[in-house]
> 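The structure under discussion is supplied below as structure tokens; questions concerning it will follow.
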4 protein chains.
Amino acid sequence: MARGVNKVILVGNLGNDPEMKYTQGGMAICTLSLATTSVRKDKDGNTQERTEWHRVKLFGKLGEIAGEYLKKGRQVYIEGSIRYDKFTGQDGVEKYFTDIVADEMQMLGGGEGRGEARAERSERPQRSAPPRREVPAAAKADFADDFADDDIPF
Amino acid sequence: MARGVNKVILVGNLGNDPEMKYTQGGMAICTLSLATTSVRKDKDGNTQERTEWHRVKLFGKLGEIAGEYLKKGRQVYIEGSIRYDKFTGQDGVEKYFTDIVADEMQMLGGGEGRGEARAERSERPQRSAPPRREVPAAAKADFADDFADDDIPF
Amino acid sequence: MARGVNKVILVGNLGNDPEMKYTQGGMAICTLSLATTSVRKDKDGNTQERTEWHRVKLFGKLGEIAGEYLKKGRQVYIEGSIRYDKFTGQDGVEKYFTDIVADEMQMLGGGEGRGEARAERSERPQRSAPPRREVPAAAKADFADDFADDDIPF
Amino acid sequence: MARGVNKVILVGNLGNDPEMKYTQGGMAICTLSLATTSVRKDKDGNTQERTEWHRVKLFGKLGEIAGEYLKKGRQVYIEGSIRYDKFTGQDGVEKYFTDIVADEMQMLGGGEGRGEARAERSERPQRSAPPRREVPAAAKADFADDFADDDIPF
DNA sequence: TTTT
DNA sequence: TTTT
């Protein structure tokens with residue numbers, strides 16, 4: 001339920017391996033650095049490239065799958081929403097962050113030894129049993145547990 | 001032409017009237033502050049709202065139309081891409097900005113005295129003849145002029 | 001979970017009031033006829049319009065909300081997927097249908113007496129208690145019951 | 001310019017090599033058969049798959065690039081719109097077709113010998129010089145010619 | 001800062 | 001069949 005639409009669709013390549021963290025409650029938080037590059041010709045006919053590096057967050061089971069299967073360089077489809085956050089550092093300086101919170105992830109390219117995974121985020125992040133346990137390549141079906149609300153970082 | 005997909009779809013309401021600027025070359029830059037609100041129930045069953053304020057930039061003719069027809073409170077559909085920028089202030093502190101660069105805009109809601117406009121951005125921002133001239137409600141057809149590349153702020 | 005992405009985003013106006021049906025199990029099936037119009041200039045500079053009429057299906061609680069709040073003429077945002085079906089009539093002739101199966105719906109325009117509703121479809125269609133009962137304007141939170149699989153028409 | 005939004009985003013694999021046709025004016029029409037598969041668990045916990053076969057049309061230069069680089073089995077990203085058509089056969093029977101008209105195409109998977117291509121459709125289909133000529137892998141930049149309107153099949 |  |  002909401003008022004408005006906040007939707008992001010990305011296809012890009014990972015600049016690094018996924019970074020994994022876990023909340024006290026054991027929920028996975030996976031952070032991806034995802035590159036999308038646009039190209040245009042300038043007035044001299046030269047090709048100008050510009051790369052955006054998106055910080056993508058995946059929570060719960062979706063984050064576990066991402067951490068398990070994604071690797072630096074891998075191409076991935078992400079669907080989610082934009083979230084803007086502001087923190088004040090110890091130095092009193094305000095810092096701004098923009099994240100893409102993923103609802104859905106799909107590995108692209110298939111092929112040799114690349115595995116296959118796709119998952120969608122349930123209504124809200126779900127407890128993952130023991131962190132880093134073996135995760136099936138295709139998730140989403142058994143998002144079913146409940147989470148202590150304090151665990152959810154948004 | 002590009003490598004990857006960087007697509008944003010927003011439906012929200014304007015928190016303020018559009019802000020207009022013009023480059024030296026006369027190209028319009030319209031900035032919108034657009035709210036999207038998501039709602040979820042916390043563990044106590046209370047409704048939790050969270051509003052994201054998107055900074056949306058519209059260039060050239062699309063920006064002129066936005067400036068002409070949009071008003072505070074108005075509901076609008078935006079399609080575009082995410083752009084991350086970093087500037088270093090005179091104090092030496094780095095500042096980060098995230099913009100949604102609009103490719104397409106459509107006013108929603110119709111009705112009494114609300115006008116109607118929809119436009120898409122051409123390949124790259126286009127020179128607008130004299131700034132603030134009368135703009136037809138429905139644009140896109142005559143994006144045809146050329147721009148000095150220095151005018152394009154990205 | 002899936003292989004591939006099949007996503008549709010529509011903003012349009014209803015050509016008629018919603019059509020409601022219910023499965024034997026009591027699940028609502030709401031069908032909308034939604035118009036989207038594109039415009040282009042032909043070589044003579046004349047404006048050419050073309051309207052697509054989308055057949056949108058909303059199941060379960062999402063369908064109940066649509067049936068309750070939407071009316072002919074109303075503007076609506078739909079997110080969903082395309083589904084192609086083939087039936088063979090009694091005359092032995094094959095008939096093809098294309099539906100947009102909605103995952104999410106949001107009424108647009110707000111304003112006087114138009115109500116407000118937004119909902120998302122849960123993993124799979126959910127049983128609605130008694131058909132046509134009073135439905136809150138904003139759903140999605142309590143998609144929780146289970147459905148006999150025979151009820152699900154896809 | 002338009003009233004409404006009619007947007008489709010697909011990621012899928014080609015069931016066949018692209019089919020190429022050319023209008024009398026020499027414009028390429030490329031037709032793809034693109035599979036997207038969704039998976040859900042039925043009440044017995046069995047995995048149920050359903051595959052949609054989308055008929056995707058790419059016109060002009062975009063169609064030439066598709067014809068040149070895509071092959072059966074290849075994974076591709078398509079952005080476009082839905083178009084419904086009705087024809088009456090010689091037998092007097094009405095036939096219905098649903099096409100996805102592509103505005104943008106991007107080959108996925110990259111890697112060994114797979115080439116790389118992405119293109120966007122210009123405002124309206126553009127004349128391609130000689131059909132089947134050598135086409136650069138990344139298009140979109142020089143969509144510039146004009147087309148006899150009769151050539152455009154929609 | 002919007003909207004319902 | 002809608003809407004502007």
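Below, read A as the first sequence line, B as the second, and so on, with proteins coming before strands; counting in each chain starts at 1.
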> Using atom CZ of R3(A) as one end and atom C1' of dT4(E) as the other, report the distance to the nearest whole Å.
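Rounded to the whole Å, the gap is 5 Å.
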
> Compare the minimum distances between each of dT3(F), dT2(E), dT1(F) and the side chain of T37(B), then state the nucleotide with the smallest one.
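The nucleotide sitting nearest to the side chain is dT2(E).
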
> Between dT1(F), dT3(F), dT2(F), which nucleotide has the shortest distance from any of its atoms to the side chain of A35(C)?
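For A35(C), the side-chain atoms sit closest to dT2(F).
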
> Considering heavy-atom distances to DNA chain E, does E49(B) or H54(B) have its closest nucleotide positioned more toward the 5' end?
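Checking each residue's closest nucleotide, the 5'-ward one belongs to H54(B).
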
> Expressed as a whole number of angstroms, how long is the span from L108(C):CG to dT3(F):C1'?
12 Å

> Let me know the distance between CD of E19(B) and P of dT1(E), rounded to the nearest Å.
14 Å

> Nearest whole Å is fine: how far is dT3(F) C1' from R74(C) CZ?
13 Å

> Please tell me if the side chains of K7(B) and K7(A) come closer than 4.5 Å, counting only heavy atoms from C-beta onward.
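They are not in side-chain contact.
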
> For residues Q48(C) and D42(C), is any side-chain donor paired with an opposing acceptor at under 3.5 Å?
yes

> Give the residues of residues 7-14 of chain B touching DNA chain E, defined as any heavy atom closer than 4.0 Å, sorted by residue number.
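N13(B), L14(B), in order of number.
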
> If the test is side-chain contact (heavy atoms from CB on, under 4.5 Å), which one of T36(B), L10(B), V11(B) qualifies with V5(A)?
V11(B)

> Closest approach to the side chain of W53(C), judged atom by atom: which nucleotide of dT2(F), dT1(E), dT4(E) is it?
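Nearest to the side-chain atoms of W53(C), counting from C-beta on, is dT2(F).
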
> In this structure, how many angstroms lie between the P atom of dT2(E) and the CG atom of N6(A), rounded?
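After rounding, the reported distance stands at 19 Å.
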
> Applying the side-chain hydrogen bond (donor to acceptor under 3.5 Å, both in side chains) test to D99(C), which of K57(C), H54(C), R83(C) qualifies?
R83(C)

> Out of V56(B), N13(B), L108(B), L70(B), which residue meets the side-chain contact (heavy atoms from CB on, under 4.5 Å) rule with V76(B)?
L70(B)

> Quick one: D17(B) CG to dT1(E) P, roughly how many Å, whole number?
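After rounding, the gap between these two atoms is 15 Å.
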
> Using the side-chain heavy atoms of K72(C), tell me which of these nucleotides is nearest: dT3(F), dT2(F), dT4(E).
dT2(F)

> What is the distance from CG of L70(C) to C1' of dT1(F), rounded to the nearest Å?
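So the CG-C1' distance, L70(C) to dT1(F), works out to 15 Å.
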
> Take the protein atom OH of Y84(A) and the nucleotide atom C1' of dT2(E), then report the distance between them rounded to whole Å.
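Result: 15 Å.
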
> Counting the atoms with a prime plus P, OP1 and OP2 as sugar-phosphate, which does T51(C) contact under 4.0 Å by heavy atoms, base, sugar-phosphate, or nothing?
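T51(C): base contact, heavy atoms under 4.0 Å.
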
> Look only at the side chain of D44(C) and the backbone of N46(C), and say whether a donor-acceptor pair between them is shorter than 3.5 Å.
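Here the side-chain-to-backbone pair does not exist.
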
> Verify whether the ring centers belonging to F87(C) and F97(C) lie closer than 6.0 Å.
yes

